[in-house]
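Remarks on the structure that follows.
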2 protein chains.
Amino acid sequence: MDKQEQILQAALKLFVEYGFHGTPTSKIAQSAGVSNGTLFHYYKTKDELVVAVYIYIKEHLASCTHLLPQEEMTLRQYFKQLYMAWLKWALSHPCEYQFTRQFVTSPYLMKVSQGVREKYSAPLLDCLKQAIDGRVVKPLPLSLLLSLISSHIDGVYLYLESSDLDETQRDELVNRTFDLMWDMIG
Amino acid sequence: MDKQEQILQAALKLFVEYGFHGTPTSKIAQSAGVSNGTLFHYYKTKDELVVAVYIYIKEHLASCTHLLPQEEMTLRQYFKQLYMAWLKWALSHPCEYQFTRQFVTSPYLMKVSQGVREKYSAPLLDCLKQAIDGRVVKPLPLSLLLSLISSHIDGVYLYLESSDLDETQRDELVNRTFDLMWDMIG
DNA sequence: TTTAAGATTGACTAATCACTCCACAAAAAT
DNA sequence: ATTTTTGTGGAGTGATTAGTCAATCTTAAA
């Protein structure tokens, strides 16, 4: 892991614990094991660093949930795979997920262009479009469906995070909530 | 409106625009039309002020959505009334709603006791309990249902906020999304 | 009228912060 | 071998910040 990534990782942890403005750049550098100067060599401003952490996480999430539909797979099955991959990533990367939640509700979100924000929801959007055409999902505005699904995952995440279920019970609940979501949109 | 409330209102607006740590107390005092000293006379620390804004909003929301079930009203109808009151409050108080979103995803949430946080969801919780007993809602954990419903409302809010529908279309969509949610939990 | 308690002010301070700057080291290009 | 580019460190800086304080004002009870 190079210094640039050490900085991103350290920043991520501290931002989640103390908030964006609550963590001084000096603490980030210290925690990353680099000097102040090095931090500002890679990121011109603190704002730039905050956005970089966001992009870094989104790229990571995208690479972990980049699943292609297999042969002989129904849209529902493919959809379920995407849903579960997303939720399992969130549960196994709580720090990253919490950062994202904090980021998208903060004024920092405005620093990320519309294009970048849309980029990461493209696969799900394509899948939804197909599902509506195939009449397996109700003909609602795509952005509404997307918003409802992200929020739904958020809700399940928050519940699972505060409950202390074991792995098996967790999987069972994720399955169950997918059915709930499908009841809603299908 | 007394000075104390002026401070809360000014803090609310600035926090939403610039984030918690992004808004200096001096700016809050200035915007509220009071002196620095007055602000700290009412709130010993900035953290205390942030929490006070949260409680202030929650109390306001609670007073606006405190609806009692009428005679000859099904649970579904009562539930829908609560749902719509909540969503309409969010839409007509975007600043307050955004503040809450920002607050609950931030480390500040930990400064509010569990008891206070639960207090405001009690009415909905009671209603859900009855609905499960009456077999009109699926027998899922109450905290899961609560989490799913709050998140659902969040999702609808975010969609409506970014779309530019007129009042009628908005109402129609709120009705439609209630049905979606009911399909999910009922 | 006197008195006491709270409300209000704004200058002040000690600490902190984002960011700069320059010296130097490592690596890469020539 | 020499030059250029890039990476790294850390002391330093000017601006900003949360919070204090002593002085004044307001209110209302005694």
Side-chain angles (χ1 to χ4, degrees), chain A residues 1-57 59 95 99 102-103 105-112, chain B residues 1-57 59 95 99 102-103 105-112:
Chain A
M1 197 165 66
D2 61 359
K3 306 223 170 195
Q4 199 167 357
E5 199 162 356
Q6 282 171 39
I7 293 170
L8 290 173
Q9 292 278 1
L12 168 59
K13 281 199 184 101
L14 291 169
F15 284 152
V16 170
E17 191 168 357
Y18 305 108
F20 301 123
H21 299 267
T23 46
T25 51
S26 54
K27 276 248 160 64
I28 297 171
Q30 193 187 0
S31 166
V34 303
S35 69
N36 260 341
T38 302
L39 191 152
F40 283 97
H41 172 71
Y42 288 109
Y43 305 99
K44 273 189 274 295
T45 64
K46 189 182 175 181
D47 281 13
E48 200 175 284
L49 171 61
V50 173
V51 173
V53 172
Y54 177 71
I55 303 290
Y56 172 67
I57 291 175
E59 285 293 337
C95 226
F99 175 92
Q102 214 168 313
F103 185 88
T105 57
S106 81
Y108 278 110
L109 182 61
M110 297 304 152
K111 308 234 171 199
V112 181
Chain B
M1 198 163 65
D2 61 0
K3 305 222 170 195
Q4 200 167 355
E5 197 162 358
Q6 281 171 39
I7 293 169
L8 289 173
Q9 293 276 2
L12 168 59
K13 279 198 185 104
L14 290 169
F15 284 152
V16 169
E17 190 167 359
Y18 304 107
F20 301 124
H21 299 266
T23 46
T25 50
S26 54
K27 277 248 161 61
I28 297 171
Q30 193 188 359
S31 167
V34 303
S35 69
N36 259 339
T38 302
L39 191 152
F40 284 98
H41 173 70
Y42 287 110
Y43 305 99
K44 273 188 274 295
T45 64
K46 189 181 174 183
D47 280 12
E48 200 175 284
L49 171 60
V50 173
V51 173
V53 173
Y54 177 71
I55 303 289
Y56 172 68
I57 291 175
E59 284 293 337
C95 225
F99 175 92
Q102 213 169 312
F103 185 88
T105 58
S106 80
Y108 278 110
L109 182 62
M110 297 305 153
K111 308 232 172 202
V112 181

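Chain letters run A, B, ... following the sequence lines, proteins first and then strands; every chain starts at 1. Bear in mind that the values here come from a model prediction, so they are computed numbers and not experimental data.
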| said: Nearest 0.5 Å, please: how far is NZ in A:K111 from CZ in A:F103? | reply: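 Between A:F103 CZ and A:K111 NZ, I get 9.5 Å after rounding to 0.5 Å.
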| query | Taking atom CD of A:Q30 and atom CG of A:N36, what is their separation to the nearest 0.5 Å? | reply |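 Going from CD on A:Q30 over to CG on A:N36, the span is 9.5 Å.
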| Is the closest side-chain heavy-atom distance between B:I55 and B:E59 below 4.5 Å? |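 Yes, close enough: below the 4.5 Å cut-off.
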| With a 4.5 Å heavy-atom cut-off, do A:Y43 and A:Q4 have their side chains touching? |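 Side-chain contact under 4.5 Å: yes.
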| task | Check A:F99 against A:V53 and note the closest heavy-atom contact, atom names and distance. | result |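 Taking A:F99 first and A:V53 second, the nearest heavy atoms are CZ-CG1, 3.5 Å.
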| Where is the tightest heavy-atom contact between A:K46 and A:F40, given as atom of each residue plus distance? |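 Between these two residues, the closest heavy atoms are N-CE2, 4.4 Å.
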| said: Side-chain N or O of B:K3 versus OP1/OP2 of D:dT26: is the shortest distance under 4.0 Å? | reply: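 For B:K3, the contact criterion (side-chain N or O under 4.0 Å from OP1 or OP2 of D:dT26) is not met.
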| Any donor-acceptor pair under 3.5 Å from A:S31 side chain to A:I28 backbone |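 Absent.
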| task | Among the candidates C:dT9, C:dA18, D:dA18, find the nucleotide nearest to the side-chain atoms of B:K46. | result |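 Nearest nucleotide to the side chain: D:dA18.
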| request: Tell me which residues in residues 12-24 of chain A put a heavy atom below 4.0 Å from DNA chain C, sorted by number, or none. | output: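 Residues of residues 12-24 of chain A that come under 4.0 Å of DNA chain C are, in numerical order, A:T23, A:P24.
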| task | Return the value, rounded to whole Å, for the distance between atom CD of A:Q4 and atom C1' of D:dT8. | result |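 One finds 14 Å between C1' of D:dT8 and CD of A:Q4, rounded.
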| query | How long is the line joining CG of A:D2 and P of C:dA26, in whole Å? | reply |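 It is 18 Å, rounded to the nearest whole Å.
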| said: Let's see if you get this right: which residues in residues 25-45 of chain B place a heavy atom under 4.0 Å from DNA chain D? | reply: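 Correct list: B:T25, B:N36, B:F40, B:T45.
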Show which side-chain atoms of residues 7-26 of chain A pair as donor or acceptor with protein atoms under 3.5 Å away, not counting sequence neighbours.
| residue | atom | partner | partner atom | Å |
| --- | --- | --- | --- | --- |
| A:Q9 | NE2 | A:Y56 | OH | 2.9 |
| A:H21 | NE2 | A:Y108 | OH | 3.3 |
| A:T23 | OG1 | A:G19 | O | 3.1 |
| A:T23 | OG1 | A:F20 | O | 3.1 |

